[in-house]
Every structure is written in structure tokens, then in C-alpha cells.
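Residue numbering restarts at 1 for every chain, and letters A, B, ... go by the order of the sequence lines. Just so you know, these numbers use all the heavy atoms, side chains as well, and skip hydrogens, waters and symmetry mates.
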Amino acid sequence: MRRETRARATPEPMSETSVPESEQRGVEPLGVVVIDPFPVVRAGLVATIDASAGLEVLGQAGSADEAVGVLDGVRGTRVVILVAMGLAGDKDAYWLIRALREHFPGHAILGLGSNADPHVVSRALFVGADGFLDKNTELEAFIDGIRGAGAEETVIAGPAAASVGQIAEGIERRRSVGLRLTKREREVLAVAAEGLTAREIAERLGVRERTVTTHLARIYGKLGVGNRLAALRLAARSGLVSIGPAE
Amino acid sequence: MEDAVRAIVAAGHPTLRGVLQQACRDAGATVIAATETAADTIDACRTESPSLLVLDLELPDSDGFRVLSSLEDGDRPGTVLVLSDRADGDRVLRALGLGARAYVTKAEGLRGLPDTIRRALSGERVIAPALEQDAVLALGRMARRAREGEEVAAELTGRERQVLQLLTDGRTMRQIGTRLGISPRTVETHVAKVYRKLGVRTRVQAVSKAATLGLVEL
């Protein structure tokens with residue numbers, strides 16, 4: 001699977017058992033930061049990555065807030081950040097990837113999942129990930145994926161590699177829905193996804209109720225749907241909003 | 001024993017059509033139709049419901065992609081193998097997104113075609129590793145473009161979007177003003193803001209960038 005899942009071949013596949021030449025010459029190892037909510041998974045990833053030639057774990061975190069703090073303290077021009085898609089809550093994995101993309105444009109961000117749906121991968125790439133590593137991947141390909149990301153490659157490793165077409169379709173769908181709406185309309189839709197009434201949306205956004213209903217009507221028109229439920233389903237399916245409870 | 005595989009072969013050139021038919025037969029499939037144009041291929045898929053489609057992407061009347069995008073899921077053959085003169089990541093990605101299971105180039109892939117057809121029929125994806133890598137790279141580019149497009153789109157006001165579209169349509173400042181019921185001076189202000197948000201200096205750059213990002217229709 002290795003060759004198929006890599007965007008480009010790295011110059012020299014490093015052996016796991018011997019110290020690579022690059023390290024002997026004192027070349028900096030590639031820094032990695034692991035963000036996963038499950039302590040046991042995180043510990044396993046950290047140990048595995050640290051044991052791999054040319055890679056060094058510079059930090060780890062179990063939540064989005066923690067991750068931002070850890071990364072602020074990390075030095076290095078290009079660090080590979082692994083973000084588990086299982087991060088949930090208000091600041092979920094998509095939020096974190098978007099935030100990290102903005103704050104650390106030079107770093108590589110890889111989504112991390114297990115047997116992930118193509119639409120999860122699409123959404124991760126759309127919000128700023130440079131690739132996706134599936135935990136259900138051969139170890140060697142997984143580590144190769146991290147190295148590839150360090151070399152500025154796009155990486156899709158594991159079962160998701162068989163779905164690049166569907167992943168692309170998902171991005172295209174998200175794009176076409178997203179581009180039709182203005183920023184304000186997207187804000188309205190995001191708040192509407194929490195299940196609020198027009199009046200509650202108005203209060204939240206500090207506008208009049210009438211303005212909200214006008215926005216909603218225009219959104220329905222642009223998306224070609226007749227009601228709020230249909231609009232939200234379309235937006236959720238394209239990854240434009242997350243449907244869930246209010247904070 | 002499984003039912004015989006019913007195949008449709010679509011190619012513009014008669015020689016290529018012959019080669020594809022022979023390859024299908026060698027792979028154990030029965031060729032129920034050999035079509036020359038996209039329109040005929042779409043019709044044939046709808047009426048014959050083949051289980052295999054071997055499709056030349058360079059058809060005389062239209063892009064072979066149109067065949068795949070025109071077919072509803074129910075009319076789309078279970079196995080689609082596409083052939084093309086060209087191989088680049090964007091095309092491979094597009095073909096895969098439209099349900100193709102195998103992508104081969106005419107230069108490289110014709111010799112081993114019966115084997116490729118057999119593997120595709122058994123559910124395997126058959127794409128040269130280098131091509132698949134190109135497709136992943138194209139995926140990365142596509143995601144970056146989509147993200148950038150949305151960021152710019154979020155910055156533009158509705159009025160600025162209208163002005164941008166009219167600029168793309170080749171209207172003058174005066175015409176845009178008349179169309180939108182505002183003064184040419186106001187149009188110029190909008191245009192300046194649009195340029196700044198797109199990070200460009202000229203109309204040509206603006207149109208080209210906006211089209212790349214999918215903000216306007218050409």
C-alpha cells in the first residue's frame with residue numbers, strides 16, 4: 001500500500017533499526033505533536049513515533065485548548081501536527097485544524113482517524129489539513145505518512161486512500177454550497193443549526209428578528225430548499241455546519 | 001457460475017474501438033454495444049444497463065466525463081474503466097469521483113487491458129501508483145483552492161460579488177453603474193475593494209483569480 005498512499009516518494013526510506021545518516025550528521029529530527037483525547041492512544045502514538053528514526057515528539061495534548069498552548073511553546077520551522085478527528089465538543093477537531101492552519105501556516109497538519117468516512121476526510125482537508133492518516137494503517141505506512149507531511153507532501157494513508165475520488169467530491173460539494181452563501185448567511189445557518197428560533201437567533205447575533213427571517217428565506221432560495229430542516233441537512237451533509245446541541 | 005459480463009465499449013476511433021472490444025472478449029465479457037459518441041453511450045447505458053463500461057475520455061462529440069456525470073446512479077455500470085491520452089492528477093481525481101474503478105493511458109495501458117478489465121471486474125481499483133500519487137496531490141491543491149475561495153468569499157459583500165461578476169462579464173464601470181443603479185464613482189470604490197480582497201491589481205488578474213476560486217461564472 002505504501003507507494004499508492006504516498007503523494008511522492010521521499011528520497012531515502014530510513015531503516016528502523018540503524019541510526020540514519022542524517023542523524024549522525026546532526027540533522028534536526030522532524031518534530032511531531034500528537035493531539036488525541038484518549039490518553040492510552042496518545043501514549044501509544046508518542047512511543048511509536050519517538051522510536052522511529054528521524055522523528056521526535058515535541059509535545060502532546062488531549063484537547064484543543066491544550067493543543068494551542070503546547071504548540072505556542074514548540075520551536076521548529078516545520079512540525080507535523082497529528083489531530084485526532086475524535087476531538088469532540090465545542091472546539092472539535094475541525095475547529096482545531098482551522099485554528100492551527102491560521103496560526104501555524106508553516107506546519108503540516110494531519111487528521112487522524114480510524115476507518116474514517118470519506119466525508120470526514122473531505123471536511124478535514126477543507127478546513128486546512130494537509131492529509132489524513134488512518135489508525136487502521138500498516139505501521140510503516142503510517143510513519144512514512146508523517147515523514148511525507150514533513151516533506152510538504154499531501155498524504156492519504158490507510159483505507160481512505162481508496163476513496164480519493166469521493167473525498168474530492170465531498171470537497172467540491174462543500175465548496176459549491178459554501179460559495180453560494182454570504183458570511184452573514186453562514187453565521188445565521190450555524191446558529192440555526194443549534195435549533196434556535198428566529199427570535200433567539202436574532203438575540204444571539206444582535207439583529208432584529210425580521211432580519212433573521214429575511215436571511216433564512218434567502219438561504220433557502222440559494223440552496224434550493226423549502227425549509228430550515230432541509231437547509232440544515234444540506235449544510236450538514238456538506239460539512240458547512242455541525243448539527244449538535246448549543247454549548 | 002456467474003452471469004456473463006455485459007459490456008459497452010465507447011471510443012471515437014474505430015481501431016481503438018476494435019481493440020477495446022477484443023480486450024473485453026479476452027477478459028471474458030460479452031460486448032453488447034460499441035458506441036462512438038458520448039450521446040450514444042449515455043443512451044446505450046440507459047437502455048442496456050451494462051455491468052461494464054470501457055470508456056474513452058476523448059470522444060468526438062464531448063468529453064467522456066460528461067457520460068459519467070450524465071448517468072444517474074442507477075444507470076451507471078457497476079464497473080467503469082476509463083482510457084485517456086492524458087494522465088494528470090486532476091483528471092484521475094475527477095474520473096474516480098465519478099465512479100471510475102480503473103484509469104489507464106492509451107500509451108501505457110492498452111497492452112495489459114484484458115488483465116486490467118478482469119481485475120476491475122473483481123472489484124480492484126487499477127490505477128498506476130504514480131497516477132494515484134498525482135491524484136492525491138491534486139486533492140491537496142483542490143482543498144487549498146476551495147479553502148482560499150471560501151475565505152475570499154467570506155470577505156466580499158453581496159454588492160461586491162455582483163460587481164465582480166459584471167467585471168467578469170466584461171462590462172465597463174459605467175455599464176455596471178447603470179445595471180446596479182449606482183454612480184460610476186461608487187462602482188470604482190467597489191472595484192478597488194474587490195481588488196484589495198482578491199490581492200490583485202488589474203481586471204484580468206481579478207477575473208482569473210475569481211474564476212480559479214470559483215467566485216464567478218465565466
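- Taking non-hydrogen atoms and a 4.5 Å limit, the residue list of residues 93-104 of chain B in contact with chain A, ordered by number, reads B:Leu93, B:Leu96, B:Gly97.
- In this structure, CG in A:Asp130 is found 7.0 Å from CZ in B:Arg144, a value given to the nearest 0.5 Å.
- Contacts between A:Glu185 and chain B at a heavy-atom distance below 4.5 Å are absent for every atom of the residue.
- Other residues, nucleotides and ligands contribute only 12 or fewer heavy atoms inside 6.0 Å of the CZ atom of A:Arg218.
- Put simply, OG on A:Ser163 and CG on B:Leu139 are 11.0 Å apart, with the number rounded to the nearest 0.5 Å.
- Residue-environment remark: CD (A:Glu138) stays at or below the threshold of 12 foreign heavy atoms within 6.0 Å.
- The two atoms that bring A:Phe126 and B:Ala146 nearest to each other are CE1-CB, 3.4 Å, heavy atoms only.
- There is no contact between B:Leu131 and chain A, counting heavy-atom distances below 4.5 Å.
- Remark: side-chain polar atoms of B:Arg147 are paired, donor with acceptor, to backbone N or O of A:Leu125 under 3.5 angstrom.
- The 12-atom threshold is exceeded at CZ of B:Arg203, counting heavy atoms of other residues, nucleotides or ligands nearer than 6.0 Å.
- Results of the side chain to side chain contact (heavy atoms under 4.5 Å, CB included) test with B:Val136 over A:Val155, A:Ile167, A:Val164 single out A:Val164 as the only residue that passes.
- Ranked by non-hydrogen atom pairs under 4.5 Å with chain B, the options A:Gly131, A:Gly128, A:Gly178 are led by A:Gly128.
- Separation of atoms CD1 (A:Ile171) and CZ (B:Arg145) is listed at 10.0 Å; rounding is to 0.5 Å.
- Summarising the local packing, NZ of A:Lys222 is surrounded by more than 12 heavy atoms from other residues, nucleotides or ligands at distances under 6.0 Å.
- Residues of residues 98-116 of chain A placed with any heavy atom under 4.5 Å of a heavy atom in chain B are listed by number as A:Arg98, A:Arg101.
- Applying the 6.0 Å contact sphere to CD of B:Glu108 captures no more than 12 heavy atoms from other residues, nucleotides or ligands.
- Interface residue B:Arg161: only side-chain heavy atoms are found under 4.5 Å from chain A.
- Atom CZ of B:Arg46 sits in a crowded spot, with more than 12 heavy atoms from other residues, nucleotides or ligands closer than 6.0 Å.
- In terms of heavy atoms, B:Arg125 sits closest to A:Ala162 at NH2-CA, 3.5 Å.
- Around CZ of B:Arg111, the count of heavy atoms belonging to other residues, nucleotides or ligands within 6.0 Å does not exceed 12.
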Open item on the list: Under the criterion salt bridge (Lys or Arg N to Asp or Glu O under 4.0 Å), I'd like the reasoning laid out for A:Arg175 against B:Glu148: C-alpha separation, chi angles, the key distance, then a yes or no.
Closed with: CA-CA 10 Å; A:Arg175 195 182 76 94; B:Glu148 195 188 343; over 6 Å; no
